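Note that the structure is a prediction, hence the values are computed from the model and not measured. Computed over heavy atoms, backbone and side chain alike; hydrogens, waters and symmetry mates excluded. We're numbering straight along the sequence, starting at 1.
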Amino acid sequence: QVQLMESGGGSAQAGGSLRLSCAASGYTNNMYCMGWFRQTPGKKRERVAVVDSAGRTNYAASVEGRFTISKDNVKNTLDLQLSELKPEDTAVYYCARARYTATPCFTMSYVDVAYWGQGTQVTVSS
């Protein structure tokens with residue numbers, strides 16, 4: 001049974017930093033696209049950052065240069081370093097794994113995700 005377990009998150013001041021971690025279990029194939037999404041009330045879940053099986057990364061324009069996604073294939077973990085935080089980064093953040101190994105990673109949307117973490121709240125105050 002595939003499970004994604006997030007940790008980290010919390011509250012920070014604008015300009016500050018936080019780190020999110022996701023521990024994946026129940027599968028060992030590292031060929032899936034993985035990423036982080038976020039959601040605020042009344043809005044669709046949006047892709048923040050993804051990493052493909054080769055370790056290549058892609059970011060939403062709103063976080064490019066401020067967030068860094070990284071994957072450890074040995075530990076089967078996925079991290080997201082959030083820096084230079086802004087109030088508009090406030091959201092629930094979700095770890096995600098693609099449904100298929102062939103899912104185009106850099107265009108993965110929420111409909112392409114087969115597994116989600118439980119979500120972790122990030123709140124940034126001005």
Side-chain angles (χ1 to χ4, degrees):
Q1 181 181 1
V2 175
Q3 287 190 318
L4 303 177
M5 186 66 67
E6 296 138 351
S7 60
S11 298
Q13 297 273 350
S17 299
L18 288 170
R19 189 172 186 89
L20 309 182
S21 293
C22 173
S25 62
Y27 72 101
T28 56
N29 188 333
N30 295 314
M31 296 301 291
Y32 293 94
C33 176
M34 293 198 70
W36 290 91
F37 286 67
R38 67 186 181 187
Q39 189 171 24
T40 54
K43 292 190 176 182
K44 287 184 179 179
R45 201 166 290 189
E46 65 171 356
R47 185 179 71 250
V48 175
V50 293
V51 55
D52 69 9
S53 58
R56 293 169 297 203
T57 59
N58 184 266
Y59 298 90
S62 59
V63 307
E64 179 86 52
R66 301 188 297 118
F67 291 7
T68 304
I69 190 171
S70 58
K71 184 173 69 164
D72 187 322
N73 289 330
V74 175
K75 296 180 179 178
N76 215 7
T77 57
L78 182 75
D79 289 350
L80 185 68
Q81 177 68 38
L82 296 72
S83 302
E84 300 176 37
L85 283 163
K86 302 177 180 180
E88 50 263 43
D89 294 321
T90 295
V92 178
Y93 285 71
Y94 297 89
C95 175
R97 200 208 80 175
R99 191 179 311 279
Y100 306 112
T101 58
T103 298
C105 193
F106 291 1
T107 57
M108 183 170 74
S109 74
Y110 66 91
V111 299
D112 298 314
V113 174
Y115 299 98
W116 296 99
Q118 79 280 9
T120 185
Q121 177 71 46
V122 170
T123 302
V124 184
S125 57
S126 58

Side chain to side chain contact (heavy atoms under 4.5 Å, CB included) partners for D52, two or more places apart:
A54, R56, C105, F106

Residues which pass side chain to side chain contact (heavy atoms under 4.5 Å, CB included) with Q39, listed by chain and number, not counting sequence neighbours:
R45, Y94

Partner residues of T123 under the side-chain hydrogen bond (donor to acceptor under 3.5 Å, both in side chains) criterion, sequence neighbours left out
Q121

Disulfide (SG to SG under 2.5 Å): which pairs involve residues 45-93, sequence neighbours left out?
none

Just to verify, what does S109 make a side chain to side chain contact (heavy atoms under 4.5 Å, CB included) with, not counting sequence neighbours?
V111, D112

Which pairs count as salt bridge (charged side-chain N to carboxylate O under 4.0 Å, His left out) when at least one residue sits in residues 5-18, sequence neighbours excluded?
none

Mind checking side-chain hydrogen bond (donor to acceptor under 3.5 Å, both in side chains) for T77 and listing every partner two or more places apart, or none if nothing turns up?
none

For E46, side-chain hydrogen bond (donor to acceptor under 3.5 Å, both in side chains) partners two or more places apart:
R38

Pairs flagged by salt bridge (charged side-chain N to carboxylate O under 4.0 Å, His left out) wherever residues 18-28 is involved - sequence neighbours left out:
R19-D79

Which hydrophobic side chains are connected to L18, either touching it within the sub-4.5 Å cutoff or through other members that do?
V2, L4, L20, Y27, Y32, M34, W36, V48, V51, Y59, V63, F67, I69, L78, L80, L82, L85, Y93, Y115, V122, V124

Selection residues 91-100 - residue pairs positive for salt bridge (charged side-chain N to carboxylate O under 4.0 Å, His left out), sequence neighbours left out
none

Name all residues meeting the side chain to side chain contact (heavy atoms under 4.5 Å, CB included) criterion together with S25; count only those two or more places apart in sequence or in a different chain, and write none if there are none.
Q3

Interatomic spacing from CE in M108 to CG in N58 - rounded to 0.5 Å:
10.5 Å

